[in-house]
Protein chains: 2
Amino acid sequence: MARKRITPGKIRLAEVAKLAGVSPITASRFFRNPEALSVGKRARVESAAKELGYVPNLAARALASQRTEVIGVLIPSLTNNVFSDVLRGIYDALDGSRYSIQLANTRYSILQEERLLRLFLAQKPAGLIITGINQTADSRNVMETVDCPIVQIMELGPSPIDMMIGFSHFDAAKAAIAHLLAQGYRRIGFLGARMDPRVQRRLDGYRAAMAEAALFDPQLIVTTAIPTSVTLGGTLFADLLAKAPDIDAVFCVNDDLALGALFECKRRHMAVPEQMAIVGFNDLEFMASSEPTLSSVRTNRYEMGRNAAMMVLETLDGRRPAAPVVDLGFSVMERQSSARRS
Amino acid sequence: MARKRITPGKIRLAEVAKLAGVSPITASRFFRNPEALSVGKRARVESAAKELGYVPNLAARALASQRTEVIGVLIPSLTNNVFSDVLRGIYDALDGSRYSIQLANTRYSILQEERLLRLFLAQKPAGLIITGINQTADSRNVMETVDCPIVQIMELGPSPIDMMIGFSHFDAAKAAIAHLLAQGYRRIGFLGARMDPRVQRRLDGYRAAMAEAALFDPQLIVTTAIPTSVTLGGTLFADLLAKAPDIDAVFCVNDDLALGALFECKRRHMAVPEQMAIVGFNDLEFMASSEPTLSSVRTNRYEMGRNAAMMVLETLDGRRPAAPVVDLGFSVMERQSSARRS
DNA sequence: CAATGGCTTGGTAGCGCTGTCAATATCGGT
DNA sequence: ACCGATATTGACAGCGCTACCAAGCCATTG
């Protein structure tokens with residue numbers, strides 16, 4: 001026969017309830033919905049809990065209530081600064097709430113993503129934040145059957161699973177090119193790395209803008225599947241120059257590439273922007289303080305993370321967010337590196 | 001009387017056991033220690049689980065076993081690239097294991113850290129990874145009484161709580177200064193931001209190296225509590241030049257500051273390294289591809305995270321790691337920005 | 001004054017799994 | 001063929017909390 005597995009010093013809800021002179025269930029209610037208690041008992045339970053240093057056992061709570069207080073977050077990369085900003089927003093928004101974060105890294109693989117998704121959803125998360133709109137069909141199915149708020153972040157698309165917050169990468173890239181065209185640049189190269197779906201859409205935006213201006217030329221495009229880096233920016237820029245020596249500007253799908261291109265220009269003693277204009281994407285902090293300062297497309301990454309988490313919280317609170325799809329927009333930061341052609 | 005709360009479609013361990021023709025407890029054992037089963041039953045349980053798509057309920061497991069399969073990770077910042085590298089190492093090491101990560105951000109506050117620590121430890125984590133060696137006395141007490149592997153990362157110190165992996169920030173800074181001295185630089189400035197304990201120790205290393213060379217001068221030091229950024233690097237460097245216009249080199253406590261200083265030099269048309277040598281810290285990727293390339297102290301951040309997680313895993317497996325304290329060292333990457341003085 | 005209804009509180013059972021120990025099967029050695 | 005030792009398997013209870021229902025309490029109402 002199994003023995004009583006008594007746990008000596010541990011403080012359980014029952015101990016708090018006894019000290020407060022109420023039933024365990026009333027004490028339990030105090031932690032979930034204090035409003036439901038009479039003022040007197042509320043105070044008694046509160047002080048008893050504090051006196052004993054009670055910390056609820058989350059596993060027991062999850063088992064009994066059949067739900068957890070965990071919000072799953074799926075992002076494709078931990079290295080990319082873009083996602084660290086988003087993450088910071090999410091953590092900040094959830095700070096102080098009773099929810100915690102379960103983070104996983106899909107490494108830009110939608111199959112990996114699907115696997116992680118199943119893993120997460122099996123534990124009944126309170127909510128889910130997932131990157132992008134390119135999930136596998138199975139992933140979508142799983143998400144549609146599950147009953148928890150889901151926010152897709154980073155971009156916008158036609159059929160949100162539940163909620164969505166992001167901006168149009170196509171429009172953002174197009175606006176960057178429009179800026180360069182307005183400044184008088186004509187042979188505008190394109191540098192792309194990693195080529196994930198969002199980068200792909202930036203390429204589409206570039207292509208559309210160039211085609212509209214009747215300036216499109218496939219020779220101007222250099223891309224690679226290799227993950228981005230400053231060094232890679234230099235290499236790709238060199239490749240581009242080899243293919244199209246007559247370019248007068250380059251649009252980089254992110255700021256690391258742009259910085260690499262800038263350094264490569266310096267190495268070749270090419271004047272920026274006189275001989276070569278450069279525009280990046282994301283507007284990381286350093287873009288505003290380089291020499292020359294680098295133009296970029298500002299995206300609101302921190303707000304994206306923060307709002308996504310807040311949308312989840314609101315839904316969990318029963319208050320449906322004002323809009324299920326939020327466009328955070330972007331703005332082209334026009335700096336020295338793309339100033340008007342002399 | 002309470003009703004049977006039956007959950008219709010859900011697959012529980014009992015269902016798997018029934019299909020496999022074994023008792024639930026045997027099925028349970030399969031998931032925790034397959035070796036303990038006979039080959040036949042092992043195969044039967046395995047195929048039954050796969051057929052039903054069984055996913056264990058972690059909350060129930062945690063409640064019954066009185067422990068979780070979560071490794072807590074406490075880091076001071078989500079923005080700092082340094083920590084994203086460490087995190088990536090941790091995630092990579094734990095990928096495929098049954099453990100998951102619970103991440104929290106202390107925001108460089110040891111009080112915040114203590115609060116998060118209590119929160120974590122109350123849920124009985126399988127292990128803990130914590131940044132640095134400057135915890136509050138209470139934090140230390142809590143950690144010493146708890147029974148789980150704990151790894152302190154990022155630096156080394158005299159009295160590890162349990163395990164420790166890092167390097168000497170003091171020695172690393174001293175080596176950077178030694179390099180500059182060897183190259184013939186004499187008036188070497190110091191730029192510091194955030195000034196967390198590790199940065200402080202780098203300052204100590206700088207001070208010691210300069211004092212040994214009889215070149216120490218407090219006028220050469222510029223620090224601030226403001227979080228680091230490239231822009232700040234430019235600003236601090238300008239401050240330093242105002243205080244000590246005769247400096248011939250500058251040691252920056254991180255690479256962002258170094259990059260900012262480089263840009264400021266360019267803005268002032270100061271030749272690097274002819275008029276001003278620059279050395280950074282951490283050796284982020286871009287340091288090797290800037291123009292000129294920037295010297296820095298390479299630290300093994302990814303390995304630090306990876307090894308820390310592996311040390312936890314080994315301990316949980318009952319295999320005590322070879323060494324409880326690991327010094328990952330550093331290396332001074334000598335590049336153009338600190339080449340010999342002409 | 002009984003009936004009604006809202007607010008609070010409590011009792012009971014069970015969420016899905018595993019720790020402990022006991023029982024049974026297997027095996028080599030004498 | 002018997003013994004003890006080892007490898008497998010099973011029974012039971014309970015981890016700490018909450019869902020559900022019921023009951024108690026009080027004020028209001030016809």
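Each chain gets a letter, A, B and so on, in the order the sequences are listed, and its residues count up from 1.
For A/Tyr54, the ring-ring contact (aromatic ring centres under 6.0 Å, His included) criterion is met by A/Phe31, not counting sequence neighbours. Partners of B/Tyr91 under the ring-ring contact (aromatic ring centres under 6.0 Å, His included) rule, at least two apart in sequence or in another chain, do not exist in this structure. Applying the ring-ring contact (aromatic ring centres under 6.0 Å, His included) test to B/Phe167 and every residue at least two apart in sequence or in another chain returns B/His169.
The side chain of A/Arg32 contributes an N or O atom lying less than 4.0 Å from OP1 or OP2 of D/dA19. Close to D/dA19, at under 4.0 Å from its OP1 or OP2, lies a side-chain N or O of A/Arg67. The side chain of B/Tyr54 contributes no N or O atom lying less than 4.0 Å from OP1 or OP2 of C/dG16. A/Gln66 has no side-chain polar atom (N or O) that falls below the 4.0 Å cut-off from OP1 or OP2 of C/dG14.
Atom pair A/Glu15:CD and D/dG16:P shows a separation of 9 Å (rounding to whole Å applied). Summarising the geometry, the separation between CG on B/Leu13 and P on C/dT18 is reported as 6 Å, rounded to the nearest angstrom. What separates CG of A/Asn33 from C1' of D/dC17 is a distance of 16 Å, to the nearest Å. One atom, CZ of B/Phe30, and another, P of C/dC17, lie 14 Å apart when rounded to the nearest Å. Between A/Lys124 atom NZ and D/dC17 atom C1' the separation is 16 Å, expressed in whole Å. Protein atom CZ of A/Arg61 is 14 Å distant from nucleotide atom C1' of D/dA19, rounded to whole Å. With rounding to whole Å, A/Arg98 atom CZ is found 10 Å from D/dT18 atom P. When the P atom of D/dG16 is taken as reference, atom CG of B/Leu63 falls 7 Å away, rounded to whole Å.
Direction of the helix axis in the helix from C/dC1-D/dG30 to C/dT30-D/dA1 shifts by 40° between the two five-pair termini, rounded to 10°.
Under 4.0 Å is where a charged nitrogen must lie from a carboxylate oxygen, and between B/Glu15 and B/Arg12 at least one such pair does.
Among residue pairs with one or both ends in residues 124-145 of chain B, none qualify as ring-ring contact (aromatic ring centres under 6.0 Å, His included); sequence neighbours excluded. Pairs of residues two or more places apart, or lying in two chains, that qualify as salt bridge (Lys or Arg N to Asp or Glu O under 4.0 Å) and include a residue from residues 142-151 of chain B are B/Arg140-B/Glu144. Residue pairs satisfying the side-chain hydrogen bond (donor to acceptor under 3.5 Å, both in side chains) criterion with at least one member in residues 304-319 of chain A, sequence neighbours excluded, are listed as follows: A/Asp317-A/Arg319. The side-chain hydrogen bond (donor to acceptor under 3.5 Å, both in side chains) analysis of residues 117-132 of chain A, with sequence neighbours excluded, yields the pairs A/Glu114-A/Arg118. Each side-chain hydrogen bond (donor to acceptor under 3.5 Å, both in side chains) pair with one or both residues in residues 94-104 of chain B, not counting sequence neighbours, appears once here: B/Glu69-B/Arg98. Sorted by first and then second residue, the side-chain hydrogen bond (donor to acceptor under 3.5 Å, both in side chains) pairs with a member in residues 25-51 of chain B read B/Ser23-B/Thr26, B/Ser28-B/Arg32; sequence neighbours excluded.
Checking D/dG16, C/dT18, D/dT18 against the side-chain heavy atoms of A/Ser28 singles out D/dT18 as nearest. Considering only side-chain atoms of A/Asn57, the nucleotide from D/dG16, C/dC17, D/dT18 that sits closest is D/dG16.
Two residues, B/Ala60 and B/Pro24, neighbour DNA chain D, and the one matched to the more 5' nucleotide by heavy-atom proximity is B/Pro24.
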When you compare the protein's N or O atoms with those of nucleotides 23-28 of chain C, which come within less than 3.5 Å of each other, and at what distance?
none

Set out, line by line, the N/O atom pairs under 3.5 Å between protein and nucleotides 6-9 of chain C.
from, atom 1, to, atom 2, distance (Å)
C/dT9, OP1, A/Ser38, OG, 2.7
C/dT9, OP2, A/Ser38, N, 3.1

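Counting non-hydrogen atoms of neighbouring residues, nucleotides and ligands closer than 6.0 angstrom, the CZ atom of A/Arg107 exceeds 12 such neighbours.
Closest approach of B/Ile71 to B/Leu128, counting heavy atoms only: CG2-N, 4.3 Å.
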